[in-house]
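Data first, discussion second: the structure below is written as C-alpha cells.
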Amino acid sequence: MAIPVLNRRGVFDKICLSLVAVYPIVSLLFFQFYLLPRNAILMVSILMTAFLFIYCSKILFGRRLRFDDIETKYYFLFYWIVIASIAFPYIYWGQGIFVNFRISIIIFQYIYFFLLLKSRIKRRELERLITAYFLIYFVLKLIGLYYAPTKIFGAFYDASELLDDRGAYRVVVPGIGFVFLAFFMHLYKAIKNKKVVDIVLTIMASWCIVMSLTRQVIVVSFLLFMIMLILRAKRKFLLLFICAVVSVALFSYVQTTSNKMVRGMVELSEKQIENNSMGDTDIRILAAEYYLFHFNEKPLSNLLGNGPFHASSDYGKEMIKINTFKNFYLSDVGYVQIFVLYGVIGLCLFFNVFLKVAFSCKISHLQWWHYYFVFVLLTNIASQRMYASGLFVSIAYYMYVLYFKPIQTDEKPERID
C-alpha cells in the first residue's frame with residue numbers, strides 16, 4: 001500500500017506528510033513488540049509528541065477562533081485536555097510537570113487532528129493510510145494468534161501469557177482503532193459501490209472485531225452494521241424484516257452452539273447476570289458509584305478534574321490501592337473516567353465534540369465517520385474508548401471537517417441517499 005502523497009512537492013510538505021504517516025506507529029509504541037526496548041520506545045513517543053506541540057504551535061495557538069467554525073469545539077476540548085493533564089495533577093497531588101506530560105501521551109494523541117490540518121492531506125489519501133494501517137494490524141493479529149499463548153504484541157506493560165478463558169486467545173494488538181475506522185469506511189463503500197475489494201476488507205475487519213472477544217464491541221458493531229444496511233435499502237421494511245430474522249437466528253445460534261469461543265463469552269455473560277440476580281451489583285456499577293460520589297475529596301475536582309496519574313506519585317499510589325483492594329478500575333467506566341480526570345467541564349467538552357459530529361446531519365445523509373463517533377459513544381460506557389482513541393478520533397474528525405471544508409479540489413464523499 002503506497003503512502004499517500006500530496007500534489008505539492010515542497011520539502012516542508014513532504015516532511016509534514018511523513019509525520020502524518022509515521023506518528024501513528026510511534027504513538028502506538030511500535031505495537032509494543034516484545035523484543036523492542038520499552039523505555040527507548042516510550043522516550044521516542046514522548047519526544048515526538050513534544051515535537052508536534054512545537055511543530056503545530058502556529059495552528060494550535062496562533063489561530064483566531066470563531067464560535068461558528070466547526071473546528072472550534074475540538075480546539076476547546078484539546079486546550080482543556082492539555083491544561084487539566086499538566087496543571088491539575090501538580091496542583092492537587094504534587095505530581096511533577098514532566099511526569100504529567102509523560103503520562104498524558106495517550107490522551108495527547110488528540111493532537112494528531114492539528115497535524116492533519118497542517119498537512120492539508122486529502123480525503124482519498126487519508127483513506128489509503130487508514131487501509132494501510134488496518135492491513136498491518138490484520139497481519140500482526142495473525143502473527144499474534146500463531147504464537148499464542150506467548151504475547152508478541154502489546155507486551156510493554158504486561159508480558160504474561162495470553163489466556164483462553166473466552167474460548168480463544170485474546171490477542172491484543174495496539175491500534176484496533178484502525179480496524180473500526182476501516183470497518184465503517186469499507187462497509188460504507190461496499191454498500192454504495194459494491195466493489196469486491198471493499199467487501200473483502202469489510203469481512204476482514206469484521207473478523208478482527210469478532211476476534212477481539214469483546215462483547216460490547218461485537219454487539220455495537222453488529223447493530224451499526226444493520227442500521228447502515230437498513231438506511232441504504234430502498235425497501236427498508238423488507239430489509240428490516242430480514243435483519244430481524246437474522247438477529248433471531250444469531251441469538252439462537254449463540255445460545256445453542258458448542259463453539260468454544262462463543263460459549264466462553266456467553267458463559268461470562270450468564271455468570272454476570274447470575275451474580276446480579278443474587279444481589280451482587282455489577283463491579284462496574286460499584287466502581288462508577290465510588291468514583292462519582294466518594295473519590296473526589298475536593299469539590300473543585302468535580303468541576304475541573306484531577307488529570308492523569310502516574311504510579312510513582314501519591315495520586316497514583318491512591319489509585320493502585322483502590323484497584324488492588326476494591327477492584328475498581330477507571331478504564332472499566334469510560335464516562336466516569338473522563339469525569340474523574342477532566343471533571344464536569346471536560347465531560348461537557350467531550351460530549352460537545354462527539355454528539356455534534358454523531359448527530360450533525362439528517363439520517364439519510366450519514367457518512368461513515370458518523371457511525372464511528374456513535375460507536376465510540378456507545379462502547380465508551382464500559383471501556384476507556386474515548387480516552388484512548390485520540391489518534392482515531394482525530395482522523396474521523398478531520399474527515400468530518402473535510403466534508404464541510406474540502407481541501408483544494410478534494411471532492412465531498414458520496415452520500416448514501
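- Closest approach of F354 and V376 over heavy atoms only: CE2-CG1, 3.5 Å.
- Put simply, the side chain of F138 reaches to within 4.5 Å of the side chain of W207, judged on heavy atoms.
- Nearest heavy atom pair, residue I86 against residue I97, reads O-CD1, 3.7 Å.
- The CZ atom of R123 lies 8.0 Å from the CG atom of L402; values are rounded to the nearest 0.5 Å.
- One distance of note links CG of L187 with NZ of K189; it measures 12.0 Å at 0.5 Å rounding.
- Between F373 and L355, the closest side-chain pair of non-hydrogen atoms is not below 4.5 Å.
- Under the 3.5 Å distance criterion, with hydrogens and angles disregarded, a donor-acceptor pair is assigned to the side chains of R170 and T214.
- Across Y110 and L77, no two heavy atoms sit closer than the pair CE2-CD2, 4.5 Å.
- The number of heavy atoms from other shown groups lying within 6.0 Å of NZ (K194) is above 12.
- For the pair F183 and F225, the minimum side-chain heavy-atom distance is below 4.5 Å.
- Side-chain contact between L201 and V197 is present, with at least one heavy-atom pair separated by less than 4.5 Å.
- Proximity of the aromatic rings of F134 and F178 is defined here by a centroid distance below 6.0 angstrom, and this criterion is not met.
- Under the ring-ring contact (aromatic ring centres under 6.0 Å, His included) test applied with F180, the options Y137, F392, F375 reduce to a single match, F375.
- Between W368 and F184, the distance separating the two ring centers is not shorter than 6.0 angstrom.
- By the 4.5 Å heavy-atom criterion applied to side chains, V179 and M204 are not counted as neighbours.
- Within the 4.5 Å cutoff, the side chain of T131 has heavy atoms near those of the M185 side chain.
- Residue pairs meeting the salt bridge (Lys or Arg N to Asp or Glu O under 4.0 Å) criterion with at least one partner in residues 70-79, sequence neighbours excluded, are R63-E71, E71-K405.
- With no hydrogens or angles considered, a side-chain donor-acceptor pair links S394 and Y74 at under 3.5 Å.
- The number of heavy atoms from other shown groups lying within 6.0 Å of CD1 (I106) does not exceed 12.
- Of the inter-residue distances, the one linking F31 atom CZ with I41 atom CD1 reads 12.0 Å to the nearest 0.5 angstrom.
- Aromatic ring centres of Y188 and Y371 lie farther apart than the 6.0 Å criterion allows.
- Annotation for Y146: atom OH does not count as buried by contact number, only 12 or fewer foreign heavy atoms lying within 6.0 Å.
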CA sep, side-chain torsions, deciding dist, call: Y397, W369, ring pair (Phe, Tyr, Trp, His ring centres under 6.0 Å)
CA-CA 8 Å; Y397 197 83; W369 54 85; over 10 Å; no
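- Taking OG1 of T49 as the reference point, atom OH of Y112 lies at 12.5 Å (rounded to 0.5 Å).
- Within the model, atoms CD1 of I105 and CG of L47 stand 10.0 Å from one another, a figure rounded to the nearest 0.5 Å.
- Surrounding CZ of F325 are at most 12 heavy atoms belonging to other residues, nucleotides or ligands under 6.0 Å away.
- Cation-pi geometry between K118 and Y55 is met: under 6.0 angstrom from the ring centre, within 45 degrees of the axis.
- Within a 6.0 Å sphere centred on CZ of F53, heavy atoms belonging to other residues, nucleotides or ligands number more than 12.
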Side-chain polar contacts of residues 336-351 - donor-acceptor pairs under 3.5 angstrom, sequence neighbours left out - could you list them?
| from | atom 1 | to | atom 2 | distance (Å) |
| --- | --- | --- | --- | --- |
| Q337 | NE2 | Q384 | OE1 | 3.0 |
| Y342 | OH | S85 | OG | 2.8 |

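- A distance of 8.5 Å separates OG of S313 from CD1 of I320, quoted to the nearest 0.5 Å.
- Considering only heavy atoms from C-beta on, I285 comes within 4.5 Å of E289 through its side chain.
- When all heavy atoms of P308 and P89 are compared, the pair lying nearest together is O-CG, 3.6 Å.
- Here the closest non-hydrogen pair linking A84 and L304 is CB-O, 4.3 Å.
- Closest non-hydrogen pair, I25 versus Y133, comes out as N-OH, 3.5 Å.
- No side-chain heavy atom of Y329 sits under 4.5 Å from any side-chain heavy atom of R284.
- In this structure, F113 and Y398 have perpendicular ring planes: the angle between them is above 60°, well past the 30° mark.
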List, one per line, each side-chain donor-acceptor pair under 3.5 Å for residues 292-302, sequence neighbours excluded.
| from | atom 1 | to | atom 2 | distance (Å) |
| --- | --- | --- | --- | --- |
| N296 | OD1 | N306 | ND2 | 2.9 |
| N296 | ND2 | N302 | OD1 | 2.9 |

